[in-house]
Amino acid sequence: MVTGGAGAAWAQSEEAPAPAKQTEATAGEAASDPAVEELIVVGSRIRRDTFNSPSPIQIMTREETTLAGYSSTTAALQGTAVTGGSAQINNAYGGYVTDGGPGANTIGLRGLGAGRTLVLIDGRRVAPAGSRGSVGSADLNVLPSAMIDRVEVLRDGASSVYGSDAIAGVINVITRKPFEGVTVEGQYNAPTNGGGEQTRLSVTGGLMGDRWNLSGSLEFYERQDLTLADRDWTRCNTDHRINRATGGVTDFIDPATGRPKCYPITGTGSNGVTINTIGTSNMAGVGAAGAPGSVTQFNRWRPNSSVTTGLVGWEGVGGTGVNVNVRDTFEDEMLGESLISPVEVKTAYLKGGYDLHALGNAEVYGEVLINQRDSTQASYRQLALDYMKGSPLIPAELAGSTAMGPTEISNGQDVGVRAFIGAGLDQSSQSVTFWKGTAGIRGDLFLNDWRYDVAVTRSRSDADYSMMSFLKDRLSKSLDVVDIGGGVFACRDADPACVAAPALTPAVVGGALPADWKNYVFQNVVGNTQYDETVLSAAIDGPLYELPAGTVMGAFGVEYRKAEIDDTPSIHSQQGNLLNLTSSEPTRGEDSVWEVYGELEVPILRDLPFAHDLTLNVSGRYTNYDSYGSDSTYKVGGVWTPIPAVSLRATYGTSFRAPALFEQFQGATSGFLDQSYDPCSEYGTEAAPDSFLYANCHAELGDTDFKATSGVTVLSEGGAGAGLEAETSKNFTVGLILQPELPDAFGEFAFAVDYYKIEINNGVSRVGGAAILDLCYNDPEFRAGGGWCRFIEERGEGAKLVVHDQYTNIATQNVEGIDYNLRWVKDIGPGSLRLNAQVTQYLDQSSKLFADDPMDDVNGTIGNPEFTGTFDATYALDKVKFRYGVEWIDDMQSYDYFGLNRATTAYDFDVPDYWTHNASVQYSADDWTATVGIRNIGDKEPPMISSGAYSRVGNAPLYSGYDYVGRTVFVNVSKSF
C-alpha cells in the first residue's frame, strides 16, 4: 500500500524521504515515461525535474493499489495508510445524515474532515458532488480510476498555492500521459462470508499523431448490498453491559427466547424502538412474562390471544415500575437493513491535445469527465399510528383510554391509543450525474524558458434523491373515519383518493397493513440538488535569475471561481408533511472569488561543506470573496541537506477554508427539543431570584408560575445572514530524512520522521439550540444586547420558543502528531525485496466550541486512535511479485474521556489493537497481468463496545478503520492490445 510523509516520492506508493535528485522515473515507477522530464509536484506550481519538496508528500501508484486488493481509488484513499486512521465517510454511513448525502464517499486528512482536504485531478479542483442541501466536498466516486497513473498526497496546508480548503492537505490524482493502445481490465472482490461483492470493469485506450493525442476510459463499478443478516456480529444488537465482578455480560435475557435481547440498530441509544405494541393510559391487566408480578397497571401492551382476564387479548409490557425490556423491539426483517449500502458507478473520461505550432509552440488541450452514481440504502421503519379518542377504529375494550393529547395526525383530538407498528423495510435512493469539462491552451512565452497555461473548467453535479415517508396530511384524513356498517369504514373527508385507516387489531399492530391504505399514506418523496462550479485560471512560470547555487524559479497566477447550489427538497418536506422527519426549506445561494498568487523557489547554497543543498520556497495568495471580503495566506518552507545522507525540511504557513455554500445558505431544517430545555420553565422556583436567568425570564413572561408545555423548535440554517467568514489555520511541519549510502550487501535504507501541528481558528460550526438558549437567557443584557438572543424569536402563542441555530465562526480545533516512514530495498537471491513501514502517532486531537471553553482532547478515544500503522513486503522475481501487508490500529479507550472508573463501570468502552493481514501474487507477461490475493486473511471482525455513547453497527463502533466486510478474495486481470 502507501507509506507516509516525506519529501521525495519512492517507488510504488512509497514516499520519498529525501530531497535527492530523483527523476520521476527513478522515483519509483510512478511515471509512465522513463525519460527525465520536468513536472509539477503537488504542493507547488513550479516545474522541476525532481520530487524535491519541503512538505511531506506521499505517492500511491496503480500497481500497489492492485497488489493490495483495492477495487477502487476510493477504497485505497480511505485506507489507513493514507488517512492515518482518521474516520472517513463511506458506504457504511448510508443510514446517517452526512455532508454530500447518502452514498457519497469523501476523504479528510489529519482527522479534520472532508471540507478541509482539497481534491484535484491533474492539479485542477474537483467540484463537490452529492445530494441534499449539504453538498460541500468532492465525492471520490467520480474519480476516473481506470485512467489514474498515481495519486500524490500532500500532508500539509497549501492554501497559498491552491486556495480554499487545503488546510489539512491535498489529494492530487494524476492521470496517464498520452499513450497508444487499448487495455481491458477487470477485478472481482468476493467476501468469503457472502454479500458485498465488488466488480470493476474498464477499457482504456489512446491514440497519438504527430501533432495530437487522445486518450480515455470507460469504467463500470458495482458493489452488491451487504446487509445486517450477512454477518454474525450484526445479527443481534445488544446493550453489551459488563459485570466487572465476574467479567461476564449482563445483557437482558429475553424470557421468550432465553437469549440476550436483540434490538434494532439505533445509533447511540440502547433498547431500540418499540414495535408490535400499543400505548394507552394506565389500565388494569395481566403482565407479560418477565414483568413484575406485583404490577397490574400498564400503559404499554402487546397482543396475546391467551389472555382472557383484564384487558382481554393483550398483555402488559410497560408502565410505572415495569421492566420495559419485555416489550417487542426486534424482528428478523430488520436484518435486511444495509450494513454497507449497494452502489453502481459508471465513469467516462476523455482527454486530448493538439499542437498549434504557433503562439509559442502552444498546445490546445481539453478533458471531459462524466460520472453516474446510483446508490440505495435499505432501512427499517417504525410507524406510530395515533387513533383518535372516540374513533370507531378503536375496539371497545380500549375505548376508555386516553394515551396523550393531540398530535400532528390526530385532527386536533386527544389520542385514544397509539399503535407502534413495524412497517417493514423501505428504500432511499440517489441518482447523481456529475460532469467536469476543461479547455485550455499552454505554451512558451517570449521570455526564455517561461511558460503559460490558461484554462476554463466547468462542473455540475445534478442529483435526484428519494425516500419513502408517511405523509401527515394523508394519515390525518385516513384516521378520521365514519362507520358505514358491516365493519367497513370510510374517510370523512370528501377526497375520493382517501383510503380509510385499518381498525386497530393485533394483526395491524403486528405489521399486517392493508396494501391500498399503505400505498395511499406511504409515498416516495423526491428532491433535487444541483451544484455548479466555474473556474477560470491563468498562470505563468519560469526562471527569474541565476544565483551561485542555482536558478531562482517563480510561478504566478490569477484565478476566478464561482459556485452555486440549488437544493429543492420534496414539497412535502418543505411543508413539514413527513411524519417523524424534519422539514427542510430549499438551499439556494452562490459565491465567487478572485485570487492572485505567487511562488518563489530560491537555491541559497549548494555543494558546500555542510550545505550540500539549501533551498527556500515561499508562496502567497490574495483572496477576495464576494460573500465576506478579502483575505491573504502565505507559506515559507525550506530543505537543508548538510550531507547527501541527511536532510532537514520545515514549513510554516497559514491556510483558510471559505464557508461552504450550504454553511452559508442552508434552508431552515426543523428539529425539536422537549419542553425541559425552555430556560424559563418553573424559573420562579428553580432559578435564584438574584440571577440573570430569573430577571430575564420575569421580564419576558412576568409569571413566576410559568411551566413550559410546548417543546422548543430549532431551525438549523446557513449563516450568511450572520456575517459568516472563512476559518483560518496555522500549519507547521518539520522533518528529518536519513538516506545513507550503504554497501551493496546492506541494500538501500531510508527513514523519515515528520512532526506536524495544525491550529484552526474561527472554525465554522453550529452552536446548538440548547447552548443558544442558555447563553441568551443568562446574558445580563438579554435581548437588548443582541448577542446570542438575536437567534431566538420573540415568544409566540403559548410562550413557544423558536431558535435559529445558524452556522457561525466560533470553533477552535488542533491536531498534532508525528509520521514515521521506513523503506529498505535489497537484492536477495534471484529477486529483489522491498519493505515499507509507516506509523502515524497523534499527539493531540482537541477542539472547543467557545473561546473560554477548555480544549476537549479525544486523542486515543474510540474512533480517534493515537497510533496507526502499515507494513508491506514485496518480493519481485522476474515476472512474478509476492506481496504481504499488515494494517494496524492501536487500542482505544474512552473511560477517561467520560469520567468513568473502568474497574467498576458496566460500560465497555475499551477496544483492543486491531490487525488485518493481506497477501497477493502477481504475474506480468508482455501484454497481460494477473493478480490474485486475499484481504483480511484472518477474517478479523470489529471489536464490541457498549451502547449509550457511540453510534454502532451491530455491537461495533461506527468507524471506517474497521473492516465490516471480512475476509475477501480478489482477482484482477488486465490485457493490453
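Computed from heavy atoms alone, side chains included, the values below leave out hydrogens, waters and symmetry copies. Treat the numbers as computed from the prediction; the structure is a model and nothing was measured. Numbering starts at 1 and runs along the sequence shown.
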Q: With rounding to the nearest 0.5 Å, note down the distance linking CD1 in Ile89 to CG in Leu140.
A: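 It is 11.5 Å, given to the nearest 0.5 Å.
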Q: Do the side-chain N and O atoms of Thr651 and Thr733 include a donor-acceptor pair separated by under 3.5 angstrom?
A: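 A donor-acceptor contact under 3.5 Å links the two side chains.
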Q: Is any side-chain heavy atom of Leu835 closer than 4.5 Å to a side-chain heavy atom of Phe871?
A: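 A side-chain contact under 4.5 Å exists here.
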Q: Between Tyr950 and Phe909, how do the two ring planes meet: parallel, tilted or perpendicular, split at 30° and 60°?
A: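 Ring orientation of Tyr950 relative to Phe909: perpendicular.
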Q: Does NZ in Lys730 sit with more than 12 non-hydrogen atoms of other residues, nucleotides or ligands closer than 6.0 Å?
A: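 Counting neighbours around NZ of Lys730, 12 or fewer heavy atoms of other residues, nucleotides or ligands fall under 6.0 Å, so no.
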Q: Hey, does the side chain of Asn141 reach the backbone of Gly103 with a donor-acceptor pair shorter than 3.5 angstrom?
A: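 Yes: the side chain of Asn141 pairs with the backbone of Gly103.
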Q: Salt bridge or not between Arg902 and Asp910? Use side-chain N to carboxylate O under 4.0 Å.
A: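 Looking at Asp910 together with Arg902, the answer is yes, because their closest N to O distance falls below 4.0 Å.
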Q: With no hydrogens and no angle check, just 3.5 Å: does a side-chain donor-acceptor pair link Ser729 and Asn731?
A: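 Yes, Asn731 and Ser729 have a side-chain donor paired with an acceptor closer than 3.5 Å.
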Q: Under a 3.5 Å threshold, yes or no: a donor from one side chain and an acceptor from the other, between Asn936 and Asp963?
A: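 The criterion, which ignores hydrogens and geometry beyond distance, is satisfied for Asp963 and Asn936.
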Q: Quick check for you: to the nearest 0.5 Å, what is the distance between Thr98 atom OG1 and Tyr93 atom OH?
A: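 Answer for the OG1-OH pair, Thr98 versus Tyr93, is 9.5 Å.
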Q: Is there a donor-acceptor pair under 3.5 Å between the side chain of Arg967 and the backbone N or O of Arg935?
A: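 It does not hold such a pair.
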Q: Would the distance check show the side chain of Arg155 and the main-chain N or O of Tyr756 forming a donor-acceptor pair, the cut-off being under 3.5 Å?
A: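 No; zero donor-acceptor contacts below 3.5 Å.
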Q: Roughly how far, to the nearest 0.5 Å, is CG of Asn105 from OG1 of Thr74?
A: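 Answer for the OG1-CG pair, Thr74 versus Asn105, is 5.5 Å.
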Q: Could you check Tyr807 against Gln664 for side-chain hydrogen bond (donor to acceptor under 3.5 Å, both in side chains), going step by step and ending with a plain yes or no?
A: CA-CA 7 Å; Tyr807 284 98; Gln664 298 184 62; over 6 Å; no
Q: Taking NZ, NE, NH1 and NH2 as the nitrogens, is one of them in Arg45 or Glu599 under 4.0 Å from a carboxylate oxygen of the other?
A: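 Looking at Glu599 together with Arg45, the answer is no, because their closest N to O distance does not fall below 4.0 Å.
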Q: Compare all side-chain heavy atoms of Tyr842 with those of Val815 and state whether any distance is below 4.5 angstrom.
A: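 Of all side-chain heavy-atom pairs linking Val815 with Tyr842, at least one is under 4.5 Å.
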Q: Can Asn762 and Thr728 be counted as having a side-chain donor-acceptor contact under 3.5 angstrom?
A: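 Checked: Asn762/Thr728 side chains show no N/O donor-acceptor pair below 3.5 Å.
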Q: Pair Val839, Thr868 - check side chain to side chain contact (heavy atoms under 4.5 Å, CB included), show working.
A: CA-CA 6 Å; Val839 172; Thr868 64; over 6 Å; no
Q: Between Arg883 and Glu64, does at least one N-O distance fall below 4.0 Å, as a salt bridge requires?
A: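 Looking at Arg883 and Glu64, the cut-off is met.
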Q: Under 3.5 Å, is there a donor-acceptor pair between the Arg223 and Asn91 side chains?
A: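 Per modelled atom types, Arg223 and Asn91 side chains form no pair under 3.5 Å.
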Q: Is the backbone of Glu725 close enough, under 3.5 Å, to the side chain of Asn809 for a donor and an acceptor to pair up by distance?
A: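 Such a contact is found between Asn809 side chain and Glu725 backbone.
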Q: Can you label the angle between the His917 ring and the Trp915 ring as parallel, tilted or perpendicular, going by 30° and 60°?
A: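 Judged by the thresholds at 30° and 60°, the geometry between His917 and Trp915 is parallel.
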Q: Using only heavy-atom distances, determine whether the side chains of Arg823 and Gln838 contain a donor-acceptor pair under 3.5 Å.
A: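 On atom types as modelled, these side chains do not qualify, holding no pair under 3.5 Å.
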Q: Going by atom types only, do His240 and Asn955 share a side-chain donor-acceptor pair under 3.5 Å?
A: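 Asn955 and His240 do not have a side-chain donor-acceptor pair below 3.5 Å.
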Q: Would you mind telling me which of Asp754, Thr641, Asn617 makes a side-chain hydrogen bond (donor to acceptor under 3.5 Å, both in side chains) with Arg649?
A: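 Of the listed options, the one satisfying the test is Asp754.
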Q: May I ask you to decide if Gln88's main-chain N or O and Ser960's side chain share a donor-acceptor pair within less than 3.5 Å?
A: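 At least one qualifying donor-acceptor pair exists.
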Q: Could you tell me whether a side-chain N or O of Asn189 sits under 3.5 Å from a main-chain N or O of Gly69, the two making a donor and an acceptor?
A: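 It does hold such a pair.
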Q: With distance as the sole criterion, is a donor-acceptor pair present between the side chains of Tyr755 and Glu816 under 3.5 Å?
A: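 Looking only at side-chain atoms, Glu816 and Tyr755 do form a donor-acceptor pair, the distance falling under 3.5 Å.
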Q: Are Lys635 and Ser55 linked by a side-chain donor-acceptor pair shorter than 3.5 Å?
A: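 A pair is found: one side chain offers a donor N or O, the other an acceptor, under 3.5 Å apart.
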Q: With the side chain counted from C-beta on, respond yes when Met892 and Tyr959 share a heavy-atom pair under 4.5 Å apart, and no when they do not.
A: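 Yes; the side chains approach each other to less than 4.5 Å.
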Q: Has Thr66 got a side-chain atom pairing as donor or acceptor with Arg62's backbone, closer than 3.5 angstrom?
A: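 It does hold such a pair.
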Q: Is a donor from one side chain sitting under 3.5 angstrom from an acceptor on the other, for Ser159 and Thr633?
A: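 No.
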Q: Could you grab the distance from atom CZ of Arg150 to atom OG1 of Thr65, nearest 0.5 Å is fine?
A: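 Reported to 0.5 Å precision, the distance equals 14.0 Å.
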Q: Counting N and O atoms only, with roles assigned by atom type, does the side chain of Ser164 sit under 3.5 Å from a partner on the main chain of Ala658, one being a donor and the other an acceptor?
A: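 Yes: the side chain of Ser164 pairs with the backbone of Ala658.
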Q: Show your working on side chain to side chain contact (heavy atoms under 4.5 Å, CB included) between Tyr962 and Val911 and close with a plain yes or no.
A: CA-CA 11 Å; Tyr962 295 142; Val911 295; 3.4 Å; yes
Q: Would you check if the side chain of Asp99 reaches a backbone N or O of Gly136 as a donor-acceptor pair within less than 3.5 Å?
A: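 It does not hold such a pair.
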Q: Test Asp165 against Ile167 for side chain to side chain contact (heavy atoms under 4.5 Å, CB included), laying out the working first.
A: CA-CA 6 Å; Asp165 305 338; Ile167 287 180; over 6 Å; no
Q: Looking at Gly869, is its backbone amide N or carbonyl O close enough to the side chain of Glu887 to form a donor-acceptor pair, meaning the two atoms are under 3.5 Å apart?
A: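 Such a contact is absent between Glu887 side chain and Gly869 backbone.
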Q: Any side-chain donor-acceptor pair under 3.5 Å between Thr861 and Ser894?
A: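 No pair is found: no donor N or O on one side chain lies under 3.5 Å from an acceptor on the other.
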Q: Does Arg621 qualify as a cation-pi partner of Phe656, given the criterion of NZ or CZ under 6.0 Å from the six-membered ring centre and within 45 degrees of its axis?
A: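 Here Arg621 fails the 6.0 Å and 45° test against Phe656.
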Q: Determine whether Asp872 and Val886 make a side-chain contact, defined as any pair of heavy atoms from C-beta on separated by less than 4.5 Å.
A: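 In short, these two side chains do not touch, never coming nearer than 4.5 Å.
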Q: Could you tell me if the ring centre of Tyr964 sits under 6.0 Å from that of Trp233?
A: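 Yes, the ring centres sit under 6.0 Å apart.
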Q: May I ask you to check whether Ser847 and Gln813 show a side-chain donor-acceptor distance below 3.5 Å?
A: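 Note: Ser847 and Gln813 side chains miss the donor-acceptor criterion.
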Q: Does a donor on one side chain sit under 3.5 Å from an acceptor on the other, for Asp857 and Asn859?
A: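 Short answer, no.
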Q: Does any part of the side chain of Arg952, heavy atoms only, come nearer than 4.5 Å to the side chain of Asn237, both counted from C-beta?
A: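 A side-chain contact exists here, since the closest heavy-atom pair is under 4.5 Å.
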Q: How many angstroms lie between CZ in Arg110 and OG1 in Thr117, if you round to the nearest 0.5 Å?
A: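 Going from CZ on Arg110 over to OG1 on Thr117, the span is 10.0 Å.
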Q: Side chains of Thr106 and Asp139: does their closest heavy-atom pair fall under 4.5 Å?
A: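 With C-beta onward as the side chain, the pair stays apart.
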Q: Apply salt bridge (Lys or Arg N to Asp or Glu O under 4.0 Å) to the pair Glu727 and Arg116, showing each step before the final yes or no.
A: CA-CA 10 Å; Glu727 53 185 38; Arg116 299 182 178 120; 2.5 Å; yes
Q: Give, for atom CD of Gln198 and atom OH of Tyr70, the distance between the pair rounded to the nearest 0.5 Å.
A: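 Answer rounded to 0.5 Å: 11.5 Å.
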Q: Does a side-chain heavy-atom distance below 4.5 Å link Tyr162 with Tyr597?
A: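 No - every pair of side-chain heavy atoms lies 4.5 Å or more apart.
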Q: With a 4.0 Å cut-off, would you call Glu663 and Arg657 a salt bridge?
A: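 Salt bridge present between Glu663 and Arg657.
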Q: Working note: Tyr907 + Arg241, criterion side chain to side chain contact (heavy atoms under 4.5 Å, CB included); need CA distance, chi angles, decisive distance, verdict.
A: CA-CA 5 Å; Tyr907 288 98; Arg241 299 291 190 267; 3.6 Å; yes
Q: Should the pair Lys757-Asp844 be classified as a salt bridge under the 4.0 Å nitrogen-to-oxygen rule?
A: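 Not counted as a salt bridge, because no side-chain N and carboxylate O are separated by less than 4.0 Å.
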Q: Are any of the side-chain heavy atoms of Val126 and Leu120 separated by less than 4.5 Å?
A: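 Of all side-chain heavy-atom pairs linking Leu120 with Val126, none is under 4.5 Å.
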